[in-house]
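Just the heavy atoms: all of them, side chains too, but no hydrogens, waters or symmetry mates, feed the values below.
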Amino acid sequence: DKGNHRHFMAKEIHEQPEVVGHTLAHYLDMANDRVRLPALPFDIASLKHVAMSACGTAFYAGLIGKYWMERFARVPVEIDIASEFRYREAPLAPGGLAVFVSQSGETADTLASLRYAAQHGQHVLGIVNVPTSTIARESHAIMPTLAGPEIGVASTKAFTCQLGVLACLAVAVGRARGTLSEADEQRLVGALVAAPGLMAEALKLEPKIEVLARTLAKDKDVLYLGRGTSYPLALEGALKLKEISYIHAEGYAAGELKHGPIALIDETMPVIVIAPHDRVFEKTASNMQEVAARGGRIILFTDARGAEEAGVKTEATFVLPDMPATITPFAYAVLVQLLAYHTAVVMGTDVDQPRNLAKSVTVE
Ligand code: M6R
């Protein structure tokens, strides 16, 4: 049932504050600002290495999870696209943690990677949305996302719920390893509790995004840039746009701009910059200036301070409230989803069932 929405994707985008809140509530003790994980059959305090693997949007969630886990818990995290991981014969020291992220829990490459990790002595943790799935069954432990059924082929609410689980896991591991103090944990949990409200703020920008979508629908190529945890979001924004509007899009780490993609910039090229005012903002701002100097059309997703300090003329600027850096991926994800959605609606594509794609990829 789509409710009063035209597509499942729209419904699922709008459900996010609720389902992310629900997922976070499952892993947080909100009264005491603490993380509360289910009992796990391995000791997270003694982890030395984490290997993560997933496909598509779930892979991008994992990539953000890597930034958090390394920052909060100071554990090295390696992340691979599952179709690469399964064949590259990575050496895995026994007793490591292997994390598999999947909405469906049936993705063939992710499942094959899981089996490889289990055979090589890893503790296997599944982050899945379908608790009866094969990946859920074969994992040694699961941390479910509580997104509810996701019908749209383009993953939206499963992604932000995966972020919720990964953030809780990173804080829990940091606490267990002593790299986060109790005060750090409280501060981070306080930030996570605010995420659903900020996603609701992002949804309020929908009318303005709809206007931008009418312009973007005329473009052939779009570049997305981001740095830090906004880099995986740039990849995710580009994937969403390709999948449902069939417009060619690429996501890049902002710092890679001058290593190639800058050659593409001219007055016709839309460049979507995801840049909350965080510790890497200034660096991204200088990349924006490089785009502006070549006449590129900048579309900026930022906050009030970022808008003020960007130092460039933009085609459109979308301003979200200030928020702790840890939770920017939740709110900024909503903006890239809405942009892809409305562009596809303008193009008249089959939003919920884009051509050539399946909801769950159970063959290689
Ligand atoms: O079910 P999974 O999360 O394992 O699926 C992984 C990808 O196939 C999936 O995220 C795909 O990239 C989506 N269509 C993205 O919107």
Near H22 NE2, under 6.0 Å, is it more than 12 heavy atoms from other residues, nucleotides or ligands? no
Indicate the ring-plane relationship of Y341 and H7, choosing parallel, tilted or perpendicular according to the 30° and 60° boundaries. perpendicular
Within this structure, what is the CD1-CZ distance for the pair I272 and R297, rounded to the nearest 0.5 Å? 9.0 Å
Would T145 and K157 count as having a side-chain donor-acceptor pair, cut-off 3.5 Å? no
How long is the span from the OG1 atom in T229 to the CZ atom in R71, to the nearest 0.5 Å? 9.0 Å
Minimum heavy-atom distance between G105 and S102, given as atom pair plus value: N-OG, 2.8 Å
Can you measure from CG (D219) to NE2 (H248) and round to the nearest 0.5 angstrom? 12.5 Å
Answer yes or no: is there a side-chain heavy-atom contact under 4.5 Å between I13 and L203? yes
With distance as the sole criterion, is a donor-acceptor pair present between the side chains of E236 and T57 under 3.5 Å? yes
Under a 4.0 Å threshold between the charged nitrogen and the carboxylate oxygen, would E308 count as salt-bridged to R305? no
State, to 0.1 Å, how close T302 and A307 come at their nearest heavy-atom pair, and which atoms those are. CG2-N, 3.5 Å
Would you compute the distance between atom SG of C161 and atom CD of Q16 and round it to the nearest 0.5 angstrom? 7.5 Å
Got more than 12 heavy atoms from elsewhere within 6.0 Å of CZ, R88? yes
Side-chain H-bond candidate by donor/acceptor type, D80 with S53, under 3.5 Å: no
Taking atom CZ of R34 as the centre, does the number of heavy atoms from other residues, nucleotides or ligands within less than 6.0 Å exceed 12? yes
Specify whether F100 and F85 have parallel, tilted or perpendicular ring planes, treating 30° as the upper limit for parallel and 60° as the lower limit for perpendicular. perpendicular
Taking T23 for the side chain and L146 for the main chain, is one N or O donor matched with an acceptor at less than 3.5 Å? yes
With a 4.5 Å cut-off on side-chain heavy atoms, are L180 and L188 touching? yes
Donor on one side chain, acceptor on other, S181 and D184, under 3.5 Å: yes
F301 side chain near L320 side chain, heavy-atom distance below 4.5 Å: no
Can you tell me how far CE of M9 sits from OG1 of T156, rounded to the nearest 0.5 angstrom? 6.0 Å
Does one side chain, of S360 or E106, offer a donor that lies under 3.5 Å from an acceptor on the other? no
Taking atom CD1 of I244 and atom CG of L357, what is their separation to the nearest 0.5 Å? 10.5 Å
Any chance CD of E138 has more than 12 other-residue heavy atoms, nucleotides or ligands included, within less than 6.0 Å? yes
Can you tell if the side chain of M269 reaches within under 4.5 Å of the side chain of D266, non-hydrogen atoms only? yes
Verify side-chain contact (heavy atoms from CB on, under 4.5 Å) between K11 and I151, making sure each step is shown before the conclusion. CA-CA 10 Å; K11 174 177 173 253; I151 310 294; over 6 Å; no
Nearest heavy atoms of A147 and E15, plus distance in Å: O-OE1, 4.4 Å
Looking only at heavy atoms, which two atoms of N287 and A254 are closest? And how far apart? OD1-CB, 3.3 Å
For residues Y60 and F159, establish whether the separation of their ring centroids is below 6.0 Å. no
Does the pair R294/E290 count as a salt bridge with the N-to-O cut at 4.0 Å? no
Has R74 got more than 12 heavy atoms of other residues, nucleotides or ligands less than 6.0 Å from its CZ? no
May I have the step-by-step check of side-chain contact (heavy atoms from CB on, under 4.5 Å) for F330 and L198, ending in yes or no? CA-CA 8 Å; F330 293 90; L198 288 151; over 6 Å; no
Just wondering, are more than 12 heavy atoms of other shown residues or ligands nearer than 6.0 Å to CD in E309? yes
In this structure, would M347 and L212 fall into the same cluster of hydrophobic residues linked by side-chain contacts under 4.5 Å? yes
